[in-house]
Amino acid sequence: MLHGSKRVTLNASRFLYLSSFPCLLHTMGTSIVTSTHTDDAETHSNGTQFLIFMRHQCRAGQVKNFDEALDLFQRMARMKPVPSVKDFTLLLGVIVRLRHYTTAISLVKHMYSALGIEPDTITLNIVINCLCRLKLISFGFSVLGTMFKLGLEPTVMTLTNLINGLCVQGNVAQAVVLADHMEKLGYPLDVYTYGVLVNGLCKTGDTLVAIRWLRKMEERNWKPNVVVYSSVMDGLCKDGLVYEALNLFSEMGAKDVLPNLVTYTCLIQGLCNFGRWKEVGSLLDDMMKMGMKPDVQTLNILVDSFCKEGKVTQAKSVIGFMIIMGEKPDVFTYNSLIHVYCLQNQMNEAMRIFNFMVNGGCLPDIAVFTSLIHGWCKNKNINKAMYLLEEMGKMGFVPDVVTWTTLIGGFCQAGQSLVAKDLFFNMHKHGKVPNIQTCAVMLDGLCKGNLLSEAVSLVEAMEKSNLDLNIFIYIILLDGICSSGKLNDAWELFSSLPAKGLQIDVYAYTIMIKGLCKQGLLDKAEDLLMNMEENCPPNNCTYNVFVQGLLTKKEIARSIKYLAIMKDKGFSVDAATTKLIINYLSTNKGDTEIQEYLFPKR
DNA sequence: CTAGGGTTAG
């Protein structure tokens, strides 16, 4: 019988893939491959032909989607005799590269339980890698235990995978400890181990430490490859250190390490963040001259950067270029557009793009739904936001911490702080824990909703938790306390910041100055401004806030003095300040001196 | 069989 075997429908496997992991680990092992029959057509010589075909497809990167890969696996599983582990690992590698980690794990299980293949180091390494990618590092370590029990010796790769798992989880300190331990146990670190560590350090923002590891590997005569360099360059760019990234790029060239598409993409992202479009253009040119074609991922960075600058027309022309280059816009592309329309309160356009992408067969993801929910909340249309939340649920998406935070912020903005509070305190029932950003949004809502004492309690609770509180949290609270007019409390909090190990930044100073001005304590505000000059230079906003305070109290001479200082420093008068000057002028028409500062000649 | 690039909350 040629088609006697039952194949799992593609939709079913997709559905399983989307459901929650712990459940998956138990159910998927037997559900993906249901065939028990042997396909006669795929035995003997046909089978050999097929395996040659399969190897070629895998090695040439021709297996581009999950369904194809699964199909290949199923055909292999039906062969008699069963293909070698080597052939299976080749295909598993493809599935891992397609990021179908849960499936890969269940396929290995199937190999052991149904196909009679003995567990070996390589397949267990694959399992460990997948578990680590799924942030299930403790399961990864238990597979290591299994290896020992089976009498299998872990390899450098096994341990490197676990180090990567620790990094993926954000536990880089432990990763470094494990690497040191590895060396002591006689497992020399290899290029991959260094690569994993360097990347982990960059991801947590420890780019300088990552560079030390890069140098360390050179000292030990390992030549950093394009992956290691690209990781560091990406870290530097994300820190805004584009100059340093470009230096490393030259260094790489000098050491004869060829850049690839990823290297260029990292640099392009770094330059885009600073609107350095000209340089972006010349990097793209260089890249294409070297025979590399930007892919969707590279071009999405341009689309997103234009969107972030509000330049939708340019973003759309990049999408046009994308199509010319033969790349299809994907969920990231569409979300960048949807997000910018949401920010601009153009919900009709946002929904139009959403429908366009869905009709074009591009599945929305949780980020898209969250953008739209954000947009509707901003539009003060909570009903539409809740409707989308429901739709999202119907599609099998579970709200994540970002979705919850968006909703909490949305209810706060709509003046429903109590509903927001309810969401905040009950989200854990849905398995999601507030993070520092969730707390920041809630805190702001409590402050703006005149629930100051609750805001104070929230910060106290946060201090007791293991959240790593940043200055931003205190700035929100400080702003809340200032707005309520409790200047003594505000001053006390402001002064206590250094003792909490936090560096008072320009925002904190500015909020405090604004609070002092509001209470008419202009001298104190001025003292603070003077104080800043030495250790934390005031910015445009700081001066505007202070001048607004002066103008409100009709301190015209002092206003003029500071307007002159601003002009001298190249700062500009903002909308609120302008309004106050115009107000003053409307009753004091003769004052030409202050008028000078209204529309400064450039 | 392992490592690097893109979207969402402030």
Side-chain angles (χ1 to χ4, degrees), chain A residues 85-86 88-97 104 108 120-130 132-133 155-165 167-168 190-200 202-203 225-235 237-238 260-270 272 294-305 307-308 330-339 342 364-375 377 400-410 435-441 443-444 472-473 475-476:
Chain A
V85 200
K86 243 183 135 180
F88 277 108
T89 50
L90 190 61
L91 182 58
L92 285 168
V94 172
I95 294 170
V96 169
R97 253 170 275 135
V108 172
D120 67 345
T121 314
I122 297 177
T123 44
L124 287 172
N125 277 351
I126 295 174
V127 173
I128 291 178
N129 179 31
C130 290
C132 288
R133 299 284 203 134
T155 60
V156 174
M157 194 189 289
T158 316
L159 298 171
T160 301
N161 281 338
L162 288 167
I163 290 174
N164 188 39
C167 289
V168 166
D190 66 8
V191 191
Y192 285 97
T193 325
Y194 282 107
V196 162
L197 275 178
V198 164
N199 183 247
C202 289
K203 285 278 149 61
N225 60 17
V226 61
V227 176
V228 179
Y229 276 113
S230 302
S231 290
V232 176
M233 280 161 53
D234 189 50
C237 285
K238 299 243 151 81
N260 61 19
L261 183 57
V262 178
T263 322
Y264 279 107
T265 305
C266 297
L267 287 175
I268 287 172
Q269 163 117 288
C272 279
D295 63 3
V296 233
Q297 210 163 323
T298 313
L299 297 173
N300 275 344
I301 290 166
L302 305 190
V303 172
D304 191 57
S305 301
C307 285
K308 292 241 158 70
D330 65 4
V331 64
F332 289 84
T333 327
Y334 291 119
N335 194 29
S336 293
L337 275 180
I338 289 173
H339 185 240
C342 286
D365 66 2
I366 190 154
V368 172
F369 279 108
T370 305
S371 293
L372 288 169
I373 290 172
H374 183 224
C377 285
D400 64 6
V401 64
V402 183
T403 320
W404 284 106
T405 308
T406 306
L407 284 168
I408 291 167
N435 62 19
I436 190 142
Q437 288 183 83
T438 320
C439 292
V441 170
L443 186 63
D444 195 46
F472 192 62
I473 292 294
I475 290 175
I476 296 169

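Small disclaimer: the values here were computed from a predicted structure and weren't measured.
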Side-chain donor-acceptor contact under 3.5 Å, A/Ser231 with A/Asp234: no

Step-by-step side chain to side chain donor-acceptor pair (under 3.5 Å) determination, A/Thr403 to A/Asp400: CA-CA 5 Å; A/Thr403 320; A/Asp400 64 6; 2.8 Å; yes

Min side-chain heavy-atom separation A/Leu90-A/Lys86 under 4.5 Å: no

Ring pair (Phe, Tyr, Trp, His ring centres under 6.0 Å) against A/Tyr264, all qualifying residues, sequence neighbours excluded: A/Phe249

Sugar-phosphate, base or nothing in reach of A/Leu299, heavy atoms under 4.0 Å: nothing

Sugar-phosphate, base or nothing in reach of A/Thr158, heavy atoms under 4.0 Å: nothing

Touch class at under 4.0 angstrom, heavy-atom based, for A/Asp444 against every strand present: nothing

Nearest-Å distance for atom pair CZ/P, residues A/Phe472 and B/dG10: 9 Å

Between B/dG4 (C1') and A/Asp295 (CG): distance, integer Å: 13 Å

Touch class at under 4.0 angstrom, heavy-atom based, for A/Lys86 against every strand present: nothing

Any residue meeting side-chain hydrogen bond (donor to acceptor under 3.5 Å, both in side chains) with A/Thr263, in chain and number order, not counting sequence neighbours: A/Ser230, A/Asn260

Sugar-phosphate, base or nothing in reach of A/Val226, heavy atoms under 4.0 Å: base

Touch class at under 4.0 angstrom, heavy-atom based, for A/Ser231 against every strand present: sugar-phosphate

Sugar-phosphate, base or nothing in reach of A/Gln269, heavy atoms under 4.0 Å: sugar-phosphate

Sugar-phosphate, base or nothing in reach of A/Leu92, heavy atoms under 4.0 Å: nothing

Sugar-phosphate only, base, or nothing, as touched by A/Val96 at under 4.0 Å among non-hydrogen atoms: nothing

Euclidean distance, atom NZ of residue A/Lys238 to atom P of B/dG5 [Å, nearest integer]: 7 Å

Sugar-phosphate, base or nothing in reach of A/Asn199, heavy atoms under 4.0 Å: sugar-phosphate

Side-chain donor/acceptor contact of A/Thr406 with base of B/dA9 under 3.5 Å: no

Sugar-phosphate, base or nothing in reach of A/Thr298, heavy atoms under 4.0 Å: base

Distance, rounded to the nearest Å, where A/Ile95 contributes CD1 and B/dT2 contributes P: 12 Å

Base B/dT7 paired with A/Asp330 side chain (donor-acceptor, <3.5 Å): no

Base B/dT2 paired with A/Asn161 side chain (donor-acceptor, <3.5 Å): no

Interatomic distance where CD1 belongs to A/Ile163 and P belongs to B/dT2 [whole Å]: 17 Å

